[in-house]
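These numbers come from a predicted model, not from an experiment. Atom set for the values below is all heavy atoms of this structure, side chains included, hydrogens, waters and symmetry mates excluded.
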Amino acid sequence: MDRPEDDIVRNENRQSEKEEAMRRSDPDDELENAPDKGETLADYFSFEEVFARVLSSADHELHVTNRYLFWSGLGAGGAIGLTFLARVIFTEASGEAEPGLLGNLLYPVGFLIIVLGRYQLFTENTLTPVVLVLTKLASIVNLLRLWGVVLVANLVGAIGVAALVAYFDVLDPERVAKGIEIGRHAYETGWYTLFSKSVIAGWIVAAMVWLIHASRDTISKIVIVYILMYFLAVCGFYHVVTSSVEVFYLSFRTDVPFLPLFPQFVLPVLLGNTIGGVTFVAVLNYAQFAEHKDSLMFERYGERMSLKDWVFGKGSKAAR
């Protein structure tokens, strides 16, 4: 015959199991914003868990100093120069008229350095900080600060690498000619075509960033970056930093004027990448996550801002 004490123990156990089941049914309530492993499966993150990791990255990026952003962005701009070199060398060596399946084999190399080295690349920042801004936990003015510093640093690095390759004896004559040919092809592309192809490129890069946050190990990150960036290159889409290296190199080696490149080439690619990244990934993911807007994962970021603070950043920690 069971003793009353046994009934009490069983009831307590059932209650504990019930509470555990309820907790597991809403895994985002137990997240620490950047989980190291999935709650349900150790090697698989739920949508909410990936979102929490993105929020954590965004919070870091929006609170680092301008000095850090600039030097990290400068390093990213320099790393992208390796993508230009790889594209020129492999295209010339393979005998392709323009970069194709063989010429773009090492196009992802610069992006791999940036992702694994945690450098700041403008197109990556069309996802992570935007997500935090969309939740009104960071201000628009702080987002624009981040974008401005990183973009300037990326372009300075791109200009530096293009000048180095153009004015130093880095490429042999055949590869110099191929580099000029690649740059001229980009330069002669129409404004609207540049913009249209750049929208898709921005979408691909932002999707890459999301998937990186969904992966656990370095090998997975390498595979994700390689496949998506190779796809971007083979399809002939334009990335604002990588493609700018090509036209800057063209300007340094020929009589193509330098300053007009910014309104004629950099601007449409920049607008396309930004719109693609923000619209096709950040906004869509945020819309899917709207039902979790009251989740406990947002608590560490403080109260949602008023409209005035959200736009201008007054009184918000993100504006500092």
Asker: Side chain of Lys197, backbone of Cys235: donor and acceptor closer than 3.5 Å?
Answerer: no
Asker: Regarding Thr91 and Glu98, is there a side-chain donor-to-acceptor distance under 3.5 Å anywhere?
Answerer: no
Asker: Is there side-chain contact between Thr83 and His239, with heavy atoms separated by less than 4.5 Å?
Answerer: no
Asker: Do Trp210 and Phe51 make a side-chain contact, defined as non-hydrogen atoms from C-beta onward lying under 4.5 Å apart?
Answerer: yes
Asker: Where do Pro268 and Leu194 come nearest, in terms of heavy atoms and distance?
Answerer: CG-CD1, 4.0 Å
Asker: Quick one: pull up CG in Leu143 and CG in Leu134 and give me the separation to the nearest 0.5 Å.
Answerer: 9.0 Å
Asker: For Tyr68, does its backbone N or O pair with a side-chain atom of Ser72 as donor and acceptor, under 3.5 Å?
Answerer: no
Asker: Taking Phe122's backbone N and O only, do any of them form a donor-acceptor pair with Asn154's side chain (distance below 3.5 Å, no angle check)?
Answerer: yes
Asker: Do Val115 and Glu124 come close enough that some side-chain heavy atom pair is under 4.5 Å?
Answerer: yes
Asker: Starting from the C-alpha separation in whole Å, work towards a yes-or-no answer on side-chain contact (heavy atoms from CB on, under 4.5 Å) for Lys221 and Asp217.
Answerer: CA-CA 7 Å; Lys221 291 180 172 66; Asp217 56 87; over 6 Å; no
Asker: Counting only N and O atoms by type, is there a donor-acceptor contact under 3.5 Å from the side chain of Trp147 to the main-chain atoms of Asn125?
Answerer: yes
Asker: Would you call the rings of Tyr167 and Phe252 parallel, tilted or perpendicular, taking 30° and 60° as the class edges?
Answerer: tilted
Asker: Below 4.5 Å, heavy atoms only, C-beta onward: do Phe248 and Val266 meet side chain to side chain?
Answerer: yes
Asker: In terms of side-chain geometry, is the basic nitrogen of Arg184 or Glu181 positioned less than 4.0 Å from the acidic oxygen of its partner?
Answerer: no
Asker: For Asn142 and Ser139, test the side chains for any donor-to-acceptor distance below 3.5 angstrom and give the result as yes or no.
Answerer: no
Asker: Side-chain contact test, heavy atoms from C-beta onward, threshold under 4.5 Å: evaluate it for Ile212 versus Val225 and give yes or no.
Answerer: yes
Asker: Using the ring centroid of each side chain, check whether Tyr107 and Phe90 are separated by less than 6.0 Å.
Answerer: no
Asker: Go through it in stages, so that I can follow the logic: the residues are Phe84 and Tyr249, the test is ring-ring contact (aromatic ring centres under 6.0 Å, His included), and I'd like the CA-CA distance, side-chain angles, deciding distance and then a yes or no.
Answerer: CA-CA 10 Å; Phe84 170 68; Tyr249 178 80; 5.1 Å; yes
Asker: Side-chain contact, heavy-atom cut-off 4.5 Å: Arg175 with Val170?
Answerer: no
Asker: So, Tyr238 and Thr189: side-chain donor and acceptor under 3.5 Å apart, yes or no?
Answerer: yes
Asker: For residues Ile80 and Phe111, determine if any side-chain heavy atom of one lies less than 4.5 Å from a side-chain heavy atom of the other.
Answerer: yes
Asker: Considering only heavy atoms from C-beta outward, does the side chain of Ile140 approach that of Trp310 to under 4.5 Å?
Answerer: yes
